[in-house]
Amino acid sequence: MLQQRTLKSITRAVGVGLHSGQRVELTLRPSAPDTGIVFRRVDLPEPVSIPMTAEAVTDTRLASTVSNGGAKVQTIEHLMSACAGLGIDNLLIDITADEVPILDGSASSFVFLLQSAGIALQNAPRRFIKLLKPVEVREGEGANAKWARLEPYHGFKLSFEIDFDHRVVDSTGQRVEFDLGHDSYSRDIARARTFGFTKEVEYMRSKGLALGGGLDNAIVMDDTKVLNVGGLRYDDEFVKHKILDAMGDLYVVGRPLLAAYSAFRSGHAMNNQLLRELLAHPDAFEIVTFDDEKRAPVGFAEVARAW
């Protein structure tokens, strides 16, 4: 049986929120089978749990935010991406503020935290959402067009193409494909950082955003160059970060997908729209398990090693 996964032990991190600039503590705890990934705001007078579902996403401006009643947690996508990349099914995340810490701007620190805690197999089958027919969302026409699509695939792969019309971004790879069953998430995707432009920073901060951002947790560019010492981590880091974000955005559906995702100029909002479009068509998917690991997609039976 292909089994569900949680952590072997508790692990913690402290950092600042990218947009809020607030200090925040995370405690990642093992969780029982079939409980999924749940954020818990432990700083509130009465702790509030926010289970991951597509409907829990209530704001997608510059990040993915999930809510339950008046409680919210924003910028969840990098941590959720790490959980997707390592195949974590069940996790309780205690958090002391309304934003996940940005750490280094990628998912690599979260990967390290999860692998340091160790990954435990649980006595329950992993349940996958298997695509049976394509689902797509689109916006705009011509030069303003953008779209995202899910198609049947025995595994999980993503392809993304960006179009920023910026000389620094345009000089790097514009399209990348990543297959979770054959490629290495930790090596190929997790280290790709979020990015922004100096001309946007003043405006964002006037709106109370990016208050915790800087060269230590984002790629920052002016009109002609990357300002970070050391430059880029990948030749195609910008588009790889879009893959990283998409993996996190899609994992809020609560189960791993067996599908091929492809997108052009998509973002947090469109990724969530795609999940909602999928769920609105029950004939487009089914829930499957694998009693025999050998029948599962290549690479899904392996457990990431502990660090």
Side-chain angles (χ1 to χ4, degrees), residues 36-37 52-66 76-78 80-81 83-85 87 107 126-165 169 173-183 185 188-189 192 194 236 238-288 297-300:
I37 296 175
M52 291 301 93
T53 66
E55 294 78 14
V57 176
T58 54
D59 195 344
T60 52
R61 293 171 296 175
L62 301 178
S64 288
T65 298
V66 291
I76 66 165
E77 57 272 13
H78 299 171
M80 290 298 295
S81 182
C83 290
R126 292 200 85 191
R127 293 180 172 85
F128 295 82
I129 296 176
K130 178 182 178 180
L131 265 286
L132 299 178
K133 64 180 185 180
V135 174
E136 182 178 272
V137 291
R138 284 183 174 267
E139 288 182 13
E141 299 291 339
N144 296 317
K146 55 183 179 179
W147 53 267
R149 180 181 178 90
L150 289 169
E151 299 177 87
Y153 180 67
H154 188 61
F156 185 48
K157 68 178 178 181
L158 306 95
S159 61
F160 204 110
E161 185 175 353
I162 56 175
D163 178 23
F164 275 89
D165 191 24
V169 181
Q174 300 292 290
R175 184 183 184 279
V176 71
E177 182 170 299
F178 171 76
D179 192 316
L180 189 62
H182 299 284
D183 304 317
Y185 174 81
D188 301 327
I189 300 296
T194 193
D236 48 5
F238 302 109
V239 67
K240 281 188 171 178
H241 187 77
K242 289 295 187 178
I243 291 278
L244 185 157
D245 276 349
M247 290 180 68
D249 289 341
L250 295 176
Y251 208 45
V252 301
V253 75
R255 293 188 172 97
L257 293 167
L258 294 181
Y261 163 92
S262 54
F264 175 66
R265 299 176 62 201
S266 183
H268 302 301
M270 182 160 278
N271 290 336
N272 190 251
Q273 291 168 17
L274 182 62
L275 287 182
R276 291 175 185 243
E277 182 71 12
L278 171 64
L279 297 175
H281 294 85
D283 61 334
F285 66 93
E286 64 179 351
I287 306 299
V288 299
V298 173
F300 277 72

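Because only heavy atoms are used, hydrogens play no part in the values below, and waters and symmetry mates are left out as well, while side chains stay in.
By the 4.5 Å heavy-atom criterion applied to side chains, Thr60 and Thr65 are not counted as neighbours.
Rounded to the nearest 0.5 Å, atoms OH (Tyr185) and CG (Leu180) are 9.5 Å apart. Atom-to-atom distance recorded for Glu277:CD and Met270:CE is 11.0 Å, nearest 0.5 angstrom. We find the CG-CD distance between Leu158 and Glu177 to be 9.0 Å, quoted to the nearest 0.5 Å. Between the CZ atom in Arg138 and the CD atom in Gln273 there is a gap of 13.5 Å [rounded to 0.5 Å]. Atom CD1 in Ile189 sits 5.5 Å away from atom NZ in Lys240 (nearest 0.5 Å). Asn271 contributes atom CG, which lies 8.5 Å from atom NZ of Lys242 (distance to the nearest 0.5 angstrom).
Other residues, nucleotides and ligands contribute more than 12 heavy atoms inside 6.0 Å of the CZ atom of Arg175.
Pairs of residues two or more places apart, or lying in two chains, that qualify as side chain to side chain donor-acceptor pair (under 3.5 Å) and include a residue from residues 278-288 are Lys133-Asp283.
Without hydrogens or angle criteria, Arg276 side chain to Ala54 main chain gives a donor-acceptor distance under 3.5 Å. Judged purely by atom type and a 3.5 angstrom limit, Lys146 has no side-chain atom pairing as donor or acceptor with the backbone of Gly140. Between the side chain of Ser64 and the main chain of Asp249, no donor-acceptor pair closer than 3.5 Å is present. No donor-acceptor distance shorter than 3.5 angstrom exists from the side chain of Glu161 to the backbone of Val239, with no hydrogens or angles considered.
Minimum interatomic distance between Tyr261 and Leu250 (heavy atoms only, all atoms of both residues): CD1-CD1, 3.7 Å. Residues Ala259 and Leu131 share a closest heavy-atom pair of CB-CD2, 3.6 Å. Counting all heavy atoms, side chain and backbone alike, Leu257 lies closest to Phe156 at O-CB, 3.6 Å. Listed here is the closest heavy atom pair of Met247 and Ser81: CB-OG, 3.7 Å. Pairing each heavy atom of Pro256 with each of Arg127, the nearest pair is CD-O, 3.4 Å. Between Pro134 and Arg149, the shortest heavy-atom contact is CB-NH2, 3.5 Å.
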Item to check | Derivation and outcome, side chain to side chain contact (heavy atoms under 4.5 Å, CB included), residues Phe285 and Leu279 | outcome: CA-CA 8 Å; Phe285 66 93; Leu279 297 175; 4.2 Å; yes
Item to check | Ile129 and Leu278: CA distance, side-chain angles, deciding distance, side chain to side chain contact (heavy atoms under 4.5 Å, CB included) verdict | outcome: CA-CA 10 Å; Ile129 296 176; Leu278 171 64; 4.3 Å; yes
Item to check | Tyr251 vs Ile76, side chain to side chain contact (heavy atoms under 4.5 Å, CB included): CA-CA, chis, key distance, verdict | outcome: CA-CA 11 Å; Tyr251 208 45; Ile76 66 165; over 6 Å; no
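Residues Phe128 and Phe300 place their aromatic rings such that the two centres sit under 6.0 Å apart.
Between His78 and His241, the ring planes lie perpendicular to each other; the angle is over 60°, past the 30° to 60° tilted range.
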